[in-house]
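Atoms within a ligand are numbered from 1 in the order they appear, just like the ligands themselves.
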Amino acid sequence: MHILIAEDEPSLRENLQWMLEMEGFTVVAASDGLQALEFACLAPPSLVLTDVMMPHLDGYGLVKALRETMATSTVPIIMLTAKADRRDVRMGMNLGADDYLTKPYRRDELLAAVRARLARKASLDETARRLQEEAREAQQRDALTALPGRELFGQRLAVTLKQAPAENLHSIGLVCLGLDGFSKVNDSLGAAVGDKVLYEVACRLGEHMRDARDSLRYDCVARLGSDLFAVCIGENTNLTALEESSAALLQVLAQPYLVDGHTLFLTACAGASLFPMQAADAHGLLLNAETALHHAKPVGPGTVRVFDTAMNLQVARRLQVHNALHAALEQNELQVYYQPQVSIAAGNVVGFEALLRWHHPTLGSVSPAEFIPIAEESGLITRIGAWTMRTAAAQAAQWHAQGHGTFRMAVNLSVRQFLGSDLPGLVRTVLEETGLPPHMLELEVTESLALHSVSSTLATLHACKALGVMLAMDDFGTGYSSLAYLKRYPLDCLKIDQTFVRNITQDIGDAAITRAIVAMAHSFGMSVIAEGVETIEQLDFLRGLGCEEFQGFLFSKPVPAEEAVKCFAGFMPPSAPLWSRP
Ligand code: C2E
Ligand code: MG
Ligand code: MG
């Protein structure tokens with residue numbers, strides 16, 4: 001920071017320089033306008049003091065040139081004029097000078113003018129910087145909700161965490177909130193309604209934090225992605241408090257949304273992490289919270305998960321499985337096992353469910369419950385699913401050709417196979433290639449299908465149905481069941497999930513749900529198969545409800561083809577001691 005002087009009279013110049021340097025300013029002195037301009041271009045000064053009458057380039061010329069040069073266009077200029085002629089002064093000011101002093105000036109006069117100009121310039125610079133900052137921040141805000149976006153939020157969080165010790169803020173909780181099945185809102189009611197819901201979500205989070213502000217030391221709400229929000233809570237003293245705060249946020253979001261005459265029910269999942277206990281910086285804290293959310297989502301709508309370090313191990317394991325899965329198909333590491341499905345009334349095998357098994361040379365046996373979600377996420381499921389359908393259908397066709405009669409071969413389908421791949425085309429090709437009669441192939445779909453575009457999944461289901469195959473709803477009762485969808489899907493069969501079957505004889509609630517599912521399925525003209533039947537008591541109970549079929553360890557685990565084929569022979573009449581209560 002320096003002051004530039006332009007004065008051709010040596011004694012005046014030296015005197016001026018001396019007075020300013022005495023006050024602590026750094027001064028660069030030029031003996032005419034041209035030299036001053038050169039100095040100014042080399043290093044833009046914080047202020048210019050210029051004489052009017054000078055050789056080569058006079059004061060007016062200098063003012064004009066400085067104003068026209070980008071780097072000096074806003075530098076404060078004070079003109080020093082010997083003639084107290086109003087015309088000279090006006091000309092200087094018109095050219096862009098900020099102030100003038102009439103020679104001879106007093107020392108205090110000069111210093112007051114210099115200080116006033118420097119202060120004004122500093123305040124203008126500060127305003128410009130703030131406006132620039134605000135403009136940049138506006139760009140980093142989400143256009144729909146005006147909340148900070150990911151980048152701005154990350155920057156603010158970093159600053160907050162850095163200042164936390166100085167501000168005596170001992171812990172800060174970060175909660176990531178992901179709306180459950182939000183795409184369904186967009187798909188079924190349009191993006192305009194979706195936008196209003198997101199706006200409402202932002203308002204509710206903001207209001208909730210405002211209400212809680214009295215007891216909080218710090219709070220901030222952000223929108224990290226389309227249906228992903230973040231809330232920062234200071235101060236959360238421990239993980240239990242953080243979990244409670246997260247649950248309270250989910251409660252706020254779970255209230256019905258009234259948008260354009262629609263009443264919508266929406267839930268969210270939450271993942272949370274605590275600073276500084278679990279992360280030392282903003283990046284780590286955000287990563288933890290999102291990892292926790294990633295773990296909450298598969299558990300089901302409305303789940304809260306607070307980060308723990310085991311989650312990171314799980315992330316590493318996921319990556320390992322993901323990498324190994326790529327080679328699994330080519331290396332013939334996948335195998336299909338078959339679990340018999342049995343008629344409860346007749347006791348004979350009426351079908352099989354094809355279930356994948358994977359044995360990796362170093363990872364060992366990896367459960368489908370672990371690798372199927374990873375295959376779904378990576379998109380590999382399309383190829384794996386096609387291979388499974390081919391293998392299972394070919395196996396069924398072979399058993400059929402060997403004279404084992406008519407039975408169903410059930411194949412699990414992932415939602416991903418409905419989206420972006422030609423599922424009816426695959427089914428048609430598999431049936432043609434294997435020669436399996438269409439009604440012997442059953443496709444198992446899950447309720448998560450309802451979370452995606454209803455019209456397109458419905459069309460795909462009908463196209464498959466038109467080929468003559470059977471359709472079953474797997475794991476019924478665990479997902480986002482909606483009777484409305486169920487009625488529209490061309491289903492032949494409902495599979496009651498094993499979580500209900502497990503406690504069916506002890507838990508009145510599970511028994512009631514199962515009874516209701518059976519009754520409803522029958523009223524829709526579907527048959528019911530119970531999964532995971534392990535005891536005779538469970539089987540008897542299901543028989544009492546009118547459930548048609550079962551599969552489970554009571555009869556057989558999923559087994560390789562050479563074992564499974566023996567089940568045809570192992571026909572058990574209903575009167576066999578195994579099936580009746582001792
Ligand atoms: P799912 O389709 O509901 O399959 C039934 C699961 O219950 C199987 O687990 C089966 O081994 C298990 N199970 C059968 N009977 C009993 C029983 O009596 N007790 C208990 N505790 N469990 C029983 P598995 O084989 O580990 O498969 C898990 C899930 O992985 C399957 O659930 C299915 O969703 C998925 N999956 C398996 N193979 C495939 C496939 O080829 N494609 C797709 N998309 N998913 C698959
Ligand atoms: Mg299944
Ligand atoms: Mg199932």
Side-chain angles (χ1 to χ4, degrees), residues 298 321 325 328-329 333-342 349 351-359 365-396 408-419 421 423 426-427 430 441-449 470-479 481 491-505 514 517 528-539 542 549-561 563-564 567:
V321 169
L325 200 54
L329 259 183
E333 290 164 9
L334 294 179
Q335 214 188 335
V336 179
Y337 272 40
Y338 300 91
Q339 184 174 38
Q341 300 177 328
V342 182
V349 170
F352 295 88
E353 175 172 7
L355 291 158
L356 269 172
R357 293 293 175 262
W358 178 25
H359 190 85
S365 286
V366 187
S367 146
E370 181 177 8
F371 74 79
I372 294 287
I374 296 172
E376 285 171 346
E377 217 165 83
S378 64
L380 267 177
I381 194 67
T382 316
R383 278 173 54 213
I384 293 178
W387 176 84
T388 311
M389 191 188 289
R390 266 201 185 88
T391 308
Q395 186 59 73
R408 279 185 331 254
M409 178 57 81
V411 179
N412 290 286
L413 287 185
S414 284
V415 175
R416 270 298 274 262
Q417 291 174 270
F418 277 81
L419 314 168
S421 76
L423 185 64
L426 171 71
V427 174
V430 165
L441 182 66
E442 182 168 73
L443 307 179
E444 289 191 8
V445 300
T446 59
E447 290 167 281
S448 50
L449 208 58
M470 311 293 275
L471 291 179
M473 178 64 84
D474 201 1
D475 306 335
F476 188 74
T478 57
S481 340
L491 297 168
D492 301 288
C493 176
L494 275 195
K495 299 190 73 173
I496 300 179
D497 191 66
Q498 52 179 280
T499 50
F500 299 117
V501 174
R502 194 171 299 135
N503 301 318
I504 204 169
T505 54
T514 310
I517 292 176
V528 182
I529 175 163
E531 298 187 274
V533 177
E534 294 180 353
T535 67
I536 297 197
E537 287 74 18
Q538 291 166 345
L539 183 69
L542 290 161
E549 294 164 12
F550 83 97
Q551 69 186 80
F553 297 169
L554 178 64
F555 187 83
S556 168
K557 290 185 182 224
V559 287
E563 293 270 326
C567 295

List ligand 1 atoms under 4.0 Å from Glu534, heavy atoms only on the residue side. 17 (C), 18 (O), 19 (N), 20 (C), 21 (N)
Distance-only N or O hit between ligand 1 and Glu376, under 3.5 Å: no
Can you tell me which residue among Glu353, Met409, Glu563 is in a side-chain contact (heavy atoms from CB on, under 4.5 Å) with Tyr338? Met409
For Ala386 and Leu426, which heavy atoms make the closest approach, and how far apart are they? CB-CD1, 3.7 Å
I need the contact type for Lys495 against ligand 1. Using non-hydrogen atoms and a strict under-4.0 Å cut-off, is it side chain, backbone, both or neither? neither
Got a second to check how far Phe550's CZ is from Leu542's CG, nearest 0.5 Å? 9.5 Å
Minimum non-hydrogen distance to atom 45 (N) of ligand 1, winning option of Asn412, Val411, Leu356: Asn412
Which angle, to the nearest 10 degrees, do you find at the Mg ion (ligand 2) between OD1 in Asn412 and OE2 in Glu353? 90°
Given Ile384, Val336, Leu355, Val501, which has its nearest heavy atom closest to atom 31 (C) of ligand 1? Leu355
If you take the nearest heavy atom of each of Pro558, Ala369, Ser367, Ser556, which one is closest to atom 11 (O) of ligand 1? Pro558
If you apply the rule salt bridge (charged side-chain N to carboxylate O under 4.0 Å, His left out), what do you find for Lys495 with Glu531, and how did you get there? CA-CA 7 Å; Lys495 299 190 73 173; Glu531 298 187 274; 3.8 Å; yes
For ligand 1, is any non-hydrogen atom under 4.0 Å from Lys557's backbone (N, CA, C, O), its side chain (CB onward), both, or neither? neither
Once rounded to the nearest 0.5 Å, what's the spacing between atom CG of Leu441 and atom CE of Met470? 10.5 Å
Taking only heavy atoms of Gln339 into account, list the atoms of ligand 1 that are under 4.0 Å away from them. 14 (C), 15 (N)
Backbone, side chain, both or neither: what part of Ile372 comes under 4.0 angstrom of ligand 1, heavy atoms only? side chain
Do the side chain of Arg416 and the main chain of Glu376 share a donor and acceptor less than 3.5 angstrom apart? yes
Give the intermediate values and the outcome of side-chain contact (heavy atoms from CB on, under 4.5 Å) for residues Ile496 and Val501. CA-CA 7 Å; Ile496 300 179; Val501 174; 4.2 Å; yes
Nearest non-hydrogen contact with atom 7 (O) of ligand 1 belongs to which option: Gln498, Arg416, Arg502, Gln551? Gln498
Do you know which two heavy atoms are closest between Ala410 and Gln341, and how far apart they sit? CB-NE2, 4.3 Å
Location of contacts on Glu353 toward ligand 1, heavy atoms closer than 4.0 Å: side chain
Keeping Glu370 on the side-chain end and Ser367 on the backbone end, is there a donor-acceptor pair under 3.5 Å? no
Starting from atom 5 (C) of ligand 1, what is the nearest protein heavy atom, named by residue and atom, and what distance separates them? Glu531 OE2, 3.7 Å
Could you list which atoms of ligand 1 come closer than 4.0 Å to a heavy atom of Gly552? 15 (N), 18 (O)
closest protein heavy atom to atom 16 (C) of ligand 1 is Phe553 CE2, 3.2 Å
Sub-4.0 Å protein heavy atom next to atom 9 (O) of ligand 1: no
Apex the Mg ion (ligand 3) - arms OD1 from Asp475 and OE1 from Glu531 - angle rounded to 10°: 90°
Mind listing the closest non-hydrogen atom pair of Gln498 and Gly532 along with its distance? CB-CA, 3.8 Å
Nearest to atom 27 (O) of ligand 1 by heavy atom, Pro368, Gly532, Ala354: which? Pro368
So, 2.8 Å as the limit: is an N/O/S atom of Asp474 located closer than that to the Mg ion (ligand 2)? yes
Residue portion contacting ligand 1 (non-hydrogen atoms closer than 4.0 Å) for Asp474: side chain
Below 2.8 Å, can you find an N, O or S atom of Asp497 next to the Mg ion (ligand 3)? no
Using a cut-off of strictly less than 2.8 Å, determine whether Glu444 has an N/O/S atom near the Mg ion (ligand 3). no
Non-hydrogen atoms of Phe352 and Pro340 that approach each other most closely: CD2-CA, 3.7 Å
After noting the C-alpha distance and the side-chain angles of Arg390 and Trp387, does the key distance pass the side-chain contact (heavy atoms from CB on, under 4.5 Å) rule? CA-CA 5 Å; Arg390 266 201 185 88; Trp387 176 84; 5.7 Å; no
Test your reading of the model: is there a side-chain donor-acceptor pair from Asp492 to the backbone of Leu471, 3.5 Å cut-off? yes
At a non-hydrogen distance cut-off of under 4.0 Å, which region of Ser414 contacts ligand 1 (side chain, backbone, both, or neither)? both
Does only the side chain of Thr388 get under 4.0 Å from ligand 1, or the backbone, or both, or neither? Count heavy atoms. side chain
Atom 20 (C) of ligand 1: any protein heavy atom closer than 4.0 Å: yes
Closest to atom 3 (O) of ligand 1 among Asp475, Ile381, Thr391 (heavy-atom distance): Asp475
Any luck finding a side-chain donor-acceptor pair between Gln339 and Gln551 under 3.5 Å? yes
When you measure from the side chain of Gln538 to the backbone N and O of Glu534, does any donor-acceptor pair fall under 3.5 Å? yes
